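Data block below; observations after.
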Amino acid sequence: MSRVPWWDGELEYRSFGTPGAPRAILVLRTGDGATIDPDVRVTSGFDVRIVTVGLDAPELEDPPAFGGQTAAGLTVDALRDLLAREAPGTSVGLVGERSAGPIAVHLAAAMGPVVDRLAIVGVLSPTDPLSRDLHTPLLDEVVADTLVVVGGDGPAGVHDAEWYERRIPSARVEVIAADDLDTINGHVTLSAVWASVLAHVAPGAERR
């Protein structure tokens, strides 16, 4: 486990995979175990450098606005600096799970073509008109080929995925049936769909 300074403490992250690989994958999650490999068996089949970051409140505060000096805006700046240090000069695939998804979307918009692939998993769409109005222009700036994954009996459903699909220029939706999820509560998690997510954010990186 490594840490980098952040305005209200430190961000925790872990790096693993192939040092110096031409592609880096940044994974943003929350909760216990956020920085562990989503599925070692799947990851070992790809020639990539992976950086997993554990986010939590207050890093996720004010995610719809991303303006000025909000905690979320400062977190995006810290993540850009982290990528520059851990994976300089590489193409980047970006993954955001559940409540970390909006941060991933904003980071993809901020980094432009450097992030050429994006996947968001189990992410809710904004629930109020103001949040939607603030969020929509940001989504227009995402140039990455984007995969939106929902499924199971979790809180994020097809209507949430389609909200993002309509607003991100290059986005498609993957809906996973609850019966196909290897989870206790039926909610879609990154570990359950890591094979398809990693294939999307790391195209052509499978080991031969």
Side-chain angles (χ1 to χ4, degrees), residues 25-31 34 38 52-53 55 57 59-67 70-73 75-76 79-80 83 91-178 180-181 183 186-203:
I25 308 300
L26 179 64
V27 179
L28 307 179
R29 306 170 81 186
T30 63
T52 55
V53 179
L55 297 177
E59 289 96 329
L60 303 174
E61 289 180 359
D62 305 319
F66 292 116
T70 66
T75 299
V76 166
L79 292 171
R80 295 180 73 170
L83 271 176
S91 297
V92 176
L94 179 57
V95 180
E97 182 190 39
R98 292 192 273 189
S99 58
I103 293 282
V105 171
H106 181 55
L107 182 59
M111 296 190 68
V114 173
V115 175
D116 60 1
R117 293 289 178 120
L118 169 66
I120 53 176
V121 178
V123 177
L124 291 166
S125 58
T127 55
D128 62 272
L130 177 60
S131 293
R132 288 193 290 269
D133 289 345
L134 290 170
H135 220 79
T136 297
L138 177 69
L139 299 176
D140 291 339
E141 298 176 10
V142 176
V143 299
D145 185 350
T146 302
L147 175 66
V148 186
V149 183
V150 294
D153 300 320
V158 174
H159 65 285
D160 297 291
E162 290 177 343
W163 188 88
Y164 285 98
E165 183 185 32
R166 289 193 298 270
R167 290 163 175 80
I168 296 177
S170 298
R172 64 181 177 87
V173 171
E174 183 175 329
V175 181
I176 310 297
D180 295 331
L181 291 176
T183 60
H187 294 189
V188 64
T189 65
L190 183 58
S191 295
V193 297
W194 184 232
S196 60
V197 166
L198 188 53
H200 172 75
V201 296

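Numbering starts at 1 and runs along the sequence shown. This structure is a prediction, so every number in the text was calculated from the model and none was measured.
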Query raised in the report: Are Leu26 and Val53 close enough that some pair of their side-chain heavy atoms sits under 4.5 Å apart?
Result: yes
Requested in this report: Identify the heavy atoms of Val188 and Gly122 that sit nearest to each other, and give their distance.
Outcome: CG1-CA, 3.9 Å
**Report entry** Set of residues satisfying side chain to side chain donor-acceptor pair (under 3.5 Å) with respect to Ser191, sequence neighbours excluded
**Finding:** none
Query raised in the report: Taking atom CD1 of Ile120 and atom CG of Leu28, what is their separation to the nearest 0.5 Å?
Result: 12.0 Å
Requested in this report: Measure across Val115 and Ala144 and return the closest heavy-atom pair with its distance rounded to 0.1 Å.
Outcome: O-CB, 3.3 Å
Requested in this report: Would you check if Leu138 and His106 make a side-chain contact, meaning some heavy-atom pair closer than 4.5 Å?
Outcome: yes
Query raised in the report: Is there side-chain contact between Val158 and Val173, with heavy atoms separated by less than 4.5 Å?
Result: no
Requested in this report: Walk me through it: do Thr75 and Leu107 pass the test side-chain contact (heavy atoms from CB on, under 4.5 Å)?
Outcome: CA-CA 9 Å; Thr75 299; Leu107 182 59; over 6 Å; no
Query raised in the report: Okay, side chain of Tyr164, backbone of Leu147: is any donor-acceptor separation there less than 3.5 Å?
Result: no
**Report entry** Atom pair OG1 (Thr146) and CZ (Arg167), whose distance is rounded to the nearest 0.5 Å
**Finding:** 14.5 Å
Query raised in the report: OG1 of Thr136 to CZ of Arg166: how many Å apart, nearest 0.5 Å?
Result: 9.5 Å
**Report entry** Flag side-chain contact, heavy atom, 4.5 Å: Val114 against Leu83
**Finding:** no
Report summary line: Closest non-hydrogen contact found for Thr52 with Ala34 is CB-O, 4.2 Å
Query raised in the report: Tell me, do Leu139 and Val105 make a side-chain contact under 4.5 Å, heavy atoms counted?
Result: yes
Query raised in the report: Given side chains that start at C-beta, do those of Pro38 and Arg29 come closer than 4.5 Å, heavy atoms only?
Result: yes
Report summary line: Note: Ser125 and Asp160 closest approach over all heavy atoms is OG-OD1, 2.7 Å
Requested in this report: Write out all pairs satisfying salt bridge (charged side-chain N to carboxylate O under 4.0 Å, His left out) with one or both partners inside residues 107-132, taking only residues at least two apart or from two chains.
Outcome: Arg23-Asp116, Arg117-Asp145
Report summary line: So OG1 of Thr189 and CZ of Arg98: to nearest 0.5 Å the spacing works out to 6.5 Å
Query raised in the report: Between Val95 and Val197, what is the shortest heavy-atom contact and its length?
Result: CG2-CG1, 3.9 Å
Report task. For residues Pro102 and Val123, report the shortest heavy-atom separation together with the two atoms involved. Result -> CD-CG1, 4.1 Å
